[in-house]
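The sequence lines fix the lettering, A, B, ..., with proteins before strands; numbering per chain opens at 1.
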Amino acid sequence: MYGLVDCNNFYVSCERAFQPRLENKPVVVLSNNDGCIVSRSAEAKALGIPMGEPLFKVRPLIEQHDVHALSSNYALYGDMSGRVMSYLASQAPEMEIYSVDEAFLSLHGMGLLQPSLEAYARDIRKEVKRRTHIPTCIGLAPTKTLAKLANRVAKKNASLGGVLLLDSPERRQWALEQVAVEDVWGIGRQYATKLYSLGITTAASLSRCSEAMARKHLGGVVGARLVRELQGYPCHGLAPSEDGTLKRKSIACTRTFGKPLARFEDVLGAVAAFASRAAEKLRRQESAANVLTVFLSQNRFGTAPPPHTRSAQVTLPIATSSTLELVRFARALLGRLWQPGLVYVKAGVILDGFEEGEQKQLSLFAPDGGERAERLMHKLDALNARFGKNSVQVATALGAVGKQPGAWKGQQQRRTPAYTTDWNQLWTINS
DNA sequence: TCTGGGGTCCTAGGACCC
DNA sequence: TCTGGGGTCCTAGGACCC
């Protein structure tokens with residue numbers, strides 16, 4: 001049996017935890033540069049504000065209904081996520097962090113729990129709410145796909161009290177009938193269109209599909225697994241997250257610039273900053289990367305002919321997590337991609353091909369195994385932890401000498417304070 | 001005027017290698 | 001007339017997820 005715990009309207013809920021006045025009001029959280037809607041309160045959804053919509057398209061709606069629109073505050077959301085996850089980890093034998101606001105719990109052998117699995121899930125909801133102010137829903141089912149589905153049904157039906165357990169064929173059938181096929185985990189826009197044209201419109205009818213049909217229309221073995229999971233046969237196991245943190249197979253740092261950039265030094269400053277950030281994340285999970293990719297994009301909504309994105313990749317001589325090394329290679333890749341005269345709106349750095357801490361390949365040319373670089377990075381991270389983000393950084397990331405640094409940075413005009421992660425932004429209470 | 005960021009998995013063609 | 005098989009690397013792109 002699996003449990004899926006999913007935070008409701010997560011980013012909005014994080015903001016509300018520190019601003020109770022936002023309770024019961026329409027609230028949205030915006031993406032980087034305040035560009036798109038990425039989280040909506042129930043009230044905002046009810047107004048018909050779509051997920052992922054550019055802000056400028058819904059601005060009239062927002063002004064008309066006095067919707068609170070906030071810039072995204074990832075320091076806050078990451079910290080709140082950590083609080084939720086560490087509590088959840090204490091409540092189940094195994095847990096897989098699936099995303100910033102979702103976790104699968106393995107409930108193997110807990111079926112005999114007294115008084116019931118449902119009561120167990122209700123307790124978890126109550127306690128997460130008490131500790132963090134974050135509302136959640138929980139789906140319980142024999143497969144991950146059904147747990148996702150149960151969670152969705154619980155979210156849509158207030159009468160269920162936020163918890164749905166699918167432990168009998170009857171309950172499973174009932175739940176399958178509640179869910180449209182496009183809302184099944186693993187069915188996106190393309191597959192949904194195809195399924196509708198085949199007359200399959202609900203999760204229930206999808207669950208009756210033949211394996212051949214699933215393989216033919218839903219991406220081969222992936223689709224076959226999906227249908228089996230809906231039928232109650234587990235095809236996806238739990239990938240436990242060690243000590244409440246996620247280990248990634250790739251790490252990216254990509255941004256749309258605050259304004260289009262045409263000068264090499266400005267873009268280099270951005271790419272160096274992105275490489276630095278990616279390297280930090282890499283060191284935090286104690287990996288080293290073998291592969292580095294840099295990409296550069298022109299405006300895909302503009303007049304430039306495709307392709308809008310070009311990328312270049314290098315396999316590093318030795319796996320590394322050193323900011324200095326990675327910035328050096330990123331600069332070389334950028335040089336390969338750069339086309340003078342073009343205007344760029346976005347760039348990114350992606351790290352791949354990880355080796356783990358203890359099993360790193362040694363090199364003939366770095367006989368100390370990169371130990372000096374490692375010690376240096378350790379100091380760098382310690383300084384930045386102590387004195388604040390980017391207190392010490394590579395000069396390349398500052399852009400051209402004598403120019404305004406961070407030409408790539410965007411605006412976040414409606415950002416709330418980092419209430420929980422910065423001493424200088426702690427909540428102040430007037431007595 | 002204004003259009004996110006970070007992931008996973010899979011496929012495919014061309015270059016190059018043995 | 002006939003032109004291998006198998007591998008990696010690189011770039012690109014498609015599908016999905018949150």
Open item on the list: Using ring centroids (six-membered ring only for Trp), state whether A:Tyr191 and A:Trp185 fall under 6.0 Å.
Closed with: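 Not under 6.0 Å, so no.
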
Nearest-Å distance for atom pair [atom1]/[atom2], residues [X] and [N]:
X	N	atom1	atom2	result
A:Leu30	B:dT3	CG	P	12 Å
A:Gln298	B:dT3	CD	C1'	16 Å
A:Arg277	B:dG5	CZ	P	14 Å
A:Asn73	B:dG4	CG	C1'	16 Å
A:Ile350	B:dG6	CD1	P	9 Å
A:Arg300	B:dT3	CZ	P	9 Å
A:Arg40	B:dG4	CZ	C1'	15 Å
A:Glu53	B:dT3	CD	C1'	9 Å

Open item on the list: Measuring from the side chain of A:Lys281 (C-beta onward, heavy atoms only), which nucleotide among B:dG6, B:dT8, B:dG4 has the closest atom?
Closed with: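 For the A:Lys281 side chain, the nearest candidate turns out to be B:dG6.
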
- [ ] Please tell me which of the listed nucleotides, B:dC2, B:dG7, B:dG4, lies nearest to the side chain of A:Ala252?
- [x]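 Of the options given, the side chain of A:Ala252 lies nearest B:dG7.
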
- [ ] Can you check each nucleotide of nucleotides 9-18 of chain C against protein heavy atoms at under 4.0 Å and return B for base, S for sugar-phosphate only, - for none, in 5' to 3' order?
- [x] -SBS--SSSS

Task: 5' priority, DNA chain B, between A:Thr256 and A:Pro260 [closest heavy atom] - done: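 Its nearest nucleotide lies further toward 5', so the answer is A:Pro260.
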
- [ ] Under 4.0 Å between any heavy atoms, over every strand shown, what does A:Leu55 touch: base, sugar-phosphate, or nothing? Just pick one.
- [x]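 The answer is nothing, as A:Leu55 stays clear of every strand by at least 4.0 Å.
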
TODO: Quick one: label A:Arg255 by what it contacts on the DNA or RNA (base, sugar-phosphate, nothing), any heavy atom closer than 4.0 Å.
DONE: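 Counting heavy atoms under 4.0 Å across all strands, the contact made by A:Arg255 is with sugar-phosphate only.
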
Task: Stacking of A:Phe301 on B:dT3 base (centres under 5.5 Å, planes under 30°) - done: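 According to the criterion (under 5.5 Å, under 30°), yes, A:Phe301 stacks.
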
For [N] and [X] - does any side-chain N or O of the residue sit under 4.0 Å from the phosphate oxygens OP1/OP2?
X	N	value
A:Asn33	B:dG4	no
A:Lys346	B:dG5	yes
A:Ser250	B:dT8	yes

- [ ] Only one of A:Trp338, A:Trp408, A:Phe264 passes ring pair (Phe, Tyr, Trp, His ring centres under 6.0 Å) with A:Tyr344; say which it is.
- [x]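 Of the listed residues A:Trp338, A:Trp408, A:Phe264, the ring pair (Phe, Tyr, Trp, His ring centres under 6.0 Å) partner of A:Tyr344 is A:Trp338.
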
- [ ] May I ask which nucleotide in the shown strands pairs with B:dA15, Watson-Crick or G-U wobble, both distances under 3.5 Å?
- [x]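 Across all strands, the one nucleotide that pairs with B:dA15 is C:dT8.
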
TODO: Classify the side-chain pair A:Glu182/A:Tyr196 by whether it contains a donor and acceptor separated by less than 3.5 Å.
DONE: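 The criterion, which ignores hydrogens and geometry beyond distance, is satisfied for A:Tyr196 and A:Glu182.
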
TODO: Spell out, as yes or no, whether a donor-acceptor pair under 3.5 Å connects the side chain of A:Lys144 to the backbone of A:Gly237.
DONE: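 Indeed, once roles are kept as given, a pair shorter than 3.5 Å links the two residues.
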
Electrostatic pair [X]:[Y] at N-O distance under 4.0 angstrom:
X	Y	value
A:Asp381	A:Arg284	no
A:Arg283	A:Glu280	no
A:Glu43	A:Arg16	yes

Open item on the list: Can you tell me how the ring of A:Tyr11 sits relative to the ring of A:Tyr77, calling it parallel under 30°, perpendicular over 60° and tilted otherwise?
Closed with: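 Parallel: the ring planes of A:Tyr11 and A:Tyr77 meet at under 30°.
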
